[in-house]
Amino acid sequence: MTNLEKKLILFPPTFQWGVASSAYQVEGAVTEDGRGPSIWDLFSHTPGKTVLGENGNIACDHYHRYSEDISLMKNLGVTHYRLSVSWPRIFPTGRQKMNVKGLGFYDRVVDTLLSHNITPIITLYHWDLPLALQEQGGWQNRDTAYTFADYAETMVSALGDRVKQWITHNEPWCTAYLGHFSGEHAPGIKNAQVSVDAAHHVLLSHALSTMAMRATQSDAKIGITLNLSPVYPKDPSQENQKAARLQDVFNNRWFLDPLFKGEYPEELPTIFGVNPPENAGDMEIIRQPLDFLGINYYSAQVVAAPPRDQEPWPVVNITPKDRVTAMGWPVIPEGLSKLLVDLYTQYPEIPPFIITENGAAYEDVVEDGKIHDTERILYLSDHIEAVADAMVQGVNIQGYYLWSLMDNFEWALGYSKRFGIVHVNYSTQERIVKDSFLWYRHLIRKALS
Ligand code: FCB
């Protein structure tokens with residue numbers, strides 16, 4: 001028995017063993033059945049924005065192959081599946097006129113999942129904002145928060161009888177920072193004030209939609225998913241601890257503090273050089289009690305203070321790179337247990353956790369129709385063990401969703417990075433299960449037996 005297998009006893013029978021995906025990364029069919037364009041359609045079609053100019057026009061063609069993909073999940077033995085809804089399929093221009101055909105797709109997906117005994121958990125915003133809303137300022141515009149709440153309410157009214165777990169946003173840090181500060185993601189804006197304002201409006205939209213969904217469906221369980229990455233100082237010297245604190249504000253507390261303390265960290269202006277918007281009453285709204293916190297964990301960081309004659313931020317990243325994934329992300333499983341335990345102690349108001357994403361890209365090789373992805377198996381095994389280690393320390397963790405069921409469109413990196421436990425041949429759309437798929441199946445079986 002492996003160490004992990006010995007620890008499986010810690011996972012309760014209700015534990016959610018899942019896989020995760022998102023709409024624009026897998027669906028394709030971008031002009032079908034009345035779907036409107038999103039900011040990612042425009043961004044990925046803009047020269048120079050994605051590797052090889054790739055886009056999600058076809059992706060994994062999941063829009064047409066969902067049934068086959070759900071059969072794969074059944075074969076895998078997962079109890080849950082995390083998907084996201086494409087807002088512009090439901091509201092092609094963001095608001096008002098609902099597109100019945102777009103909703104029909106998710107209706108079919110949900111029913112197919114349930115008929116296979118797989119429980120869906122839905123993310124409402126995994127980055128594909130309707131382009132029409134971007135033309136009105138997107139997340140920079142406070143109105144978008146209210147429009148998002150209307151969309152959320154529509155979704156819960158339509159599917160809430162069958163879908164009980166809802167995630168408002170996936171990784172607001174990426175929306176705010178990658179989308180509006182570094183410009184690496186859609187909509188490709190590079191402006192500190194816009195970034196900080198967008199973050200605030202995303203948080204507000206999270207809270208307004210939480211209230212609207214609860215008013216519509218009282219048994220809905222609602223949370224938000226943050227990408228969190230713990231930070232370690234190089235050594236306990238005061239200057240390096242200060243550097244770690246700043247990086248922690250940047251990576252984590254920018255969103256954690258408003259959600260679970262009702263305030264922004266005081267260091268935020270040191271990082272961005274600007275202040276978040278001050279709107280009376282917003283912080284009280286943003287601090288809505290939640291049913292769970294979704295956590296996406298991939299890596300951690302070790303940092304040091306910048307040289308004395310420089311600004312305090314950005315800090316110097318000195319994370320060891322002896323073990324990295326194809327993304328260049330250092331593999332630090334113990335960062336996950338530390339993160340979970342620290343969150344539990346640092347935020348008294350924090351709800352139970354669900355690991356909504358964890359996984360790794362590696363350079364997979366197809367050999368005689370097989371993919372022996374031993375590094376991915378090791379990555380997954382180490383991280384699930386880290387979840388168990390946090391559970392031993394008393395942390396309430398309700399689920400683990402592996403990113404991802406199948407290889408897919410990895411945003412600005414196009415199809416160059418493969419995170420799936422199922423290989424996708426993008427020329428034929430053939431799916432081939434990798435060794436990690438068989439490994440995960442075995443693990444889930446053992447855990448549930
Ligand atoms: C996360 C995203 C997900 C995927 C993984 C690798 O940041 O939520 O869509 O791209 O990273």
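Each ligand, and each atom within it, is numbered from 1 in the order the structure gives.
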*Asks:* Checking the side chain of Asp373 only, and the main-chain atoms of Asp435 only, is there a donor and an acceptor separated by less than 3.5 Å?
*Replies:* yes
*Asks:* Determine the interplanar angle of the Trp411 and Tyr24 rings, folded into 0 to 90°, and report it as parallel if under 30°, tilted if 30 to 60°, perpendicular if over 60°.
*Replies:* parallel
*Asks:* Counting non-hydrogen protein atoms only, what is the nearest one to atom 10 (O) of ligand 1? Give residue, atom name and distance.
*Replies:* Glu410 OE1, 2.7 Å
*Asks:* Tell me: protein heavy atom nearest atom 7 (O) of ligand 1, and distance?
*Replies:* Glu171 OE1, 2.5 Å
*Asks:* Write out the residue and atom name of the closest protein heavy atom to atom 5 (C) of ligand 1, then the distance separating them to 0.1 Å.
*Replies:* Tyr298 OH, 3.3 Å
*Asks:* Report the distance from atom CD1 of Ile371 to atom CD1 of Ile421, rounding to the nearest 0.5 Å.
*Replies:* 11.5 Å
*Asks:* Report yes or no: does Arg418 contribute a side-chain atom to a donor-acceptor pair with the main-chain N or O of Val424 at less than 3.5 Å?
*Replies:* yes
*Asks:* Hey, which atoms in ligand 1 end up nearer than 4.0 Å to a heavy atom of Gln25?
*Replies:* 3 (C), 4 (C), 9 (O), 10 (O)
*Asks:* Using a 3.5 Å cut-off on N or O atoms only, is Trp403 in polar contact with ligand 1?
*Replies:* no
*Asks:* Report yes if some N/O of Trp329 lies less than 3.5 Å from some N/O of ligand 1; otherwise report no.
*Replies:* no
*Asks:* Quick one: does Ser22 get an N or O within less than 3.5 Å of an N or O on ligand 1?
*Replies:* no
*Asks:* Would you say Tyr347 and Arg253 are linked by a side-chain donor-acceptor pair, where the criterion is simply a distance under 3.5 Å?
*Replies:* yes
*Asks:* Identify the residue among Tyr151, Trp139, Trp40 that makes a ring-ring contact (aromatic ring centres under 6.0 Å, His included) with Tyr125.
*Replies:* Trp139
*Asks:* Taking the six-membered ring for Trp, are His62 and Tyr66 parallel (under 30°), tilted (30 to 60°) or perpendicular (over 60°)?
*Replies:* perpendicular
*Asks:* Nearest protein heavy-atom contact for atom 3 (C) of ligand 1: which residue, which atom, what distance?
*Replies:* Glu357 OE1, 3.4 Å
*Asks:* List every atom of ligand 1 that sits less than 4.0 Å from any heavy atom of Asn170, numbering the atoms from 1 in the order shown and giving each element.
*Replies:* 8 (O)
*Asks:* Counting both backbone and side chain atoms, is some N or O of His126 under 3.5 Å from an N or O of ligand 1?
*Replies:* yes
